[in-house]
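So the structure is just underneath, and the comments pick up after that.
First the proteins, then the strands, lettered A, B, ... as listed; each starts at 1.
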2 protein chains.
Amino acid sequence: MLTLFSEHGYFATSVQDISSESGVSVGSIYHHFGDKEGIARSLYHALSDQMSSRISWISARQGTAHDQCREIVKTLFEMAEEEPLVMDFMLYAKHKEFLPEEKSICSSKPFELMRTIVAAGMESGEIRRMDVMVASTSLFGGPIRMIVARLDDVLQAPLPHYLDEVWECAWKSVAT
Amino acid sequence: MLTLFSEHGYFATSVQDISSESGVSVGSIYHHFGDKEGIARSLYHALSDQMSSRISWISARQGTAHDQCREIVKTLFEMAEEEPLVMDFMLYAKHKEFLPEEKSICSSKPFELMRTIVAAGMESGEIRRMDVMVASTSLFGGPIRMIVARLDDVLQAPLPHYLDEVWECAWKSVAT
DNA sequence: GTCTATATCCAGATAGAC
DNA sequence: GTCTATCTGGATATAGAC
């Protein structure tokens, strides 16, 4: 299901395709999900929750904002390598096209968690005082762009290879 | 055409819709563009060229890499405010879904130009020696993320309002 | 709840006059 | 080159037996 959506896209994937691949009949699929959008919505929520829990697990461990954010970037890089299709679906799919009422990825839970950590970092004095949104995009925008590049196959080495260099840049951008 | 694609998406826009909106008959559209993909491809190339020329015009003017890059970010911010649909189509549309053979946005001409400027900045000593891709994503990743946030309506003020703060972060991330 | 068979609709694409 | 009318396939979704 994820494979079909990520590789061919939502619109190029028919419910018949999903039925064939999953071994579940078309009728059952509609019984469970209501309509085609329901399939995507269900998948999106599952993946979003999975991502959120990984991030909140990181932020739950004690540590500075610096360490937490670095760990998040590291985790995102690892996820992108291990499960590129998940990353692709979360980042690159234009959810607006087939999940119109869904909140945009920017304001989804994983990104909100990141902003919370950034705000805490400002309180503690690790991060310069500025607009929280600006700080968040500065800190994570570079890494995310690297992930997109990797998913688009315009990067030679795996992401972890660039981690130190990427993180140094990211942190310098907001550090006090 | 751009309006339809950007607001409803490529797949939710029928050739009939395009015909109605443009006043050109379906037959003529197919005569000109071959198929539906051809319409999107043609639009994409036109916008990509337009963006490239604005960027190369900036880099053609004398100036440091710092000034050139700042001017690019400023221009991107202004474009996003003046022509959000263009930005949306270029950045946020998943071209892979309907322009499969097209190069990804990352390796498209505008982004290549940016990397060229960054590489020059390293030669001149303005930018730290590092992987050019890392430097480029660090420098432009934050600003791009801000644009996405703005297009997704999760930003209160217009982009130029954040320019100084965003640019300070971006430049700090790669400056020597 | 799960299946098969079917209904319905509308998309992309074409034919062929002008 | 431009139009109208039409074809055709395949998509979403449902009906109804089991």
(request) Using chain B heavy atoms and a threshold of under 4.0 Å, write down where along DNA chain C the contacts begin and end, 5' to 3'. (result) C:dA11 to C:dT14
(request) Mark yes when over 12 heavy atoms from residues, nucleotides or ligands other than A:Gln156 sit less than 6.0 Å from its CD; otherwise mark no. (result) no
(request) Flag the pair B:Ile18 / B:Phe5 as yes when at least one side-chain heavy-atom distance between them is below 4.5 Å, and no otherwise. (result) yes
(message) Ignoring hydrogens, what is the shortest heavy-atom contact between A:Lys109 and A:Ser52? Give both atom names and the distance.
(response) CB-OG, 3.5 Å
(message) List the residues meeting salt bridge (charged side-chain N to carboxylate O under 4.0 Å, His left out) with B:Glu78, not counting sequence neighbours, and say none if there are none.
(response) B:Lys74
(message) Expected output is a numbered-order residue list: members of residues 12-19 of chain A with a heavy atom under 4.0 Å from any atom of DNA chain D. What is it?
(response) A:Thr13, A:Ser14, A:Val15
(request) Taking only heavy atoms on the protein side, list every residue of residues 38-47 of chain A lying under 4.0 Å from any atom of DNA chain D, sorted numerically. (result) none
(message) Could you tell me how far apart A:Asp35 (CG) and D:dA11 (C1') are, to the nearest whole angstrom?
(response) 14 Å
(request) Not counting sequence neighbours, which residues clear side-chain contact (heavy atoms from CB on, under 4.5 Å) with B:Phe33? List them please. (result) B:Ile29, B:Ile39, B:Ser42
(message) Under the salt bridge (Lys or Arg N to Asp or Glu O under 4.0 Å) definition, can you give me all pairs with a residue in residues 30-47 of chain B, not counting sequence neighbours?
(response) B:Glu37-B:Arg41, B:Arg41-B:Glu101
Residues 120-130 of chain A, side-chain donor-acceptor partners within the protein, below 3.5 Å, at least two apart:
{"from": "A:Ser124", "atom 1": "OG", "to": "A:Gly121", "atom 2": "O", "distance (Å)": "3.1"}
{"from": "A:Ser124", "atom 1": "OG", "to": "A:Glu126", "atom 2": "OE2", "distance (Å)": "3.3"}
{"from": "A:Glu126", "atom 1": "OE1", "to": "A:Ala65", "atom 2": "N", "distance (Å)": "3.4"}
{"from": "A:Glu126", "atom 1": "OE1", "to": "A:His66", "atom 2": "N", "distance (Å)": "3.0"}
{"from": "A:Glu126", "atom 1": "OE2", "to": "A:Ala65", "atom 2": "N", "distance (Å)": "2.9"}
{"from": "A:Arg128", "atom 1": "NH1", "to": "A:Ser173", "atom 2": "O", "distance (Å)": "3.2"}
{"from": "A:Arg128", "atom 1": "NH1", "to": "A:Ala175", "atom 2": "O", "distance (Å)": "3.2"}
{"from": "A:Arg128", "atom 1": "NH2", "to": "A:Ser173", "atom 2": "O", "distance (Å)": "3.2"}

(request) Please name all residues satisfying side-chain contact (heavy atoms from CB on, under 4.5 Å) with B:Ser25, sequence neighbours left out, ordered by chain then number. (result) B:Ser28
(request) Give a yes or no answer on whether the side chain of A:Gln68 reaches the backbone of A:Gly63 with a donor-acceptor pair at less than 3.5 Å. (result) yes
(request) Kindly state each residue pair satisfying salt bridge (Lys or Arg N to Asp or Glu O under 4.0 Å) with at least one member in residues 47-63 of chain A, sequence neighbours excluded. (result) none
(request) Within residues 24-32 of chain A, find the residues that approach DNA chain D with a heavy atom at under 4.0 Å, and present them sorted by residue number. (result) A:Tyr30
(request) For residues 110-120 of chain A, pull every pair meeting salt bridge (Lys or Arg N to Asp or Glu O under 4.0 Å), keeping only residues two or more places apart or in separate chains. (result) A:Lys103-A:Glu112
For a quick test of your reading: what N or O donor-acceptor pairs under 3.5 Å do the side chains of residues 138-154 of chain A make, sequence neighbours left out?
{"from": "A:Ser138", "atom 1": "OG", "to": "A:Val134", "atom 2": "O", "distance (Å)": "2.9"}
{"from": "A:Arg150", "atom 1": "NE", "to": "A:Glu81", "atom 2": "OE2", "distance (Å)": "2.9"}
{"from": "A:Arg150", "atom 1": "NH2", "to": "A:Glu81", "atom 2": "OE1", "distance (Å)": "3.1"}
{"from": "A:Asp152", "atom 1": "OD2", "to": "B:Ser104", "atom 2": "OG", "distance (Å)": "3.3"}

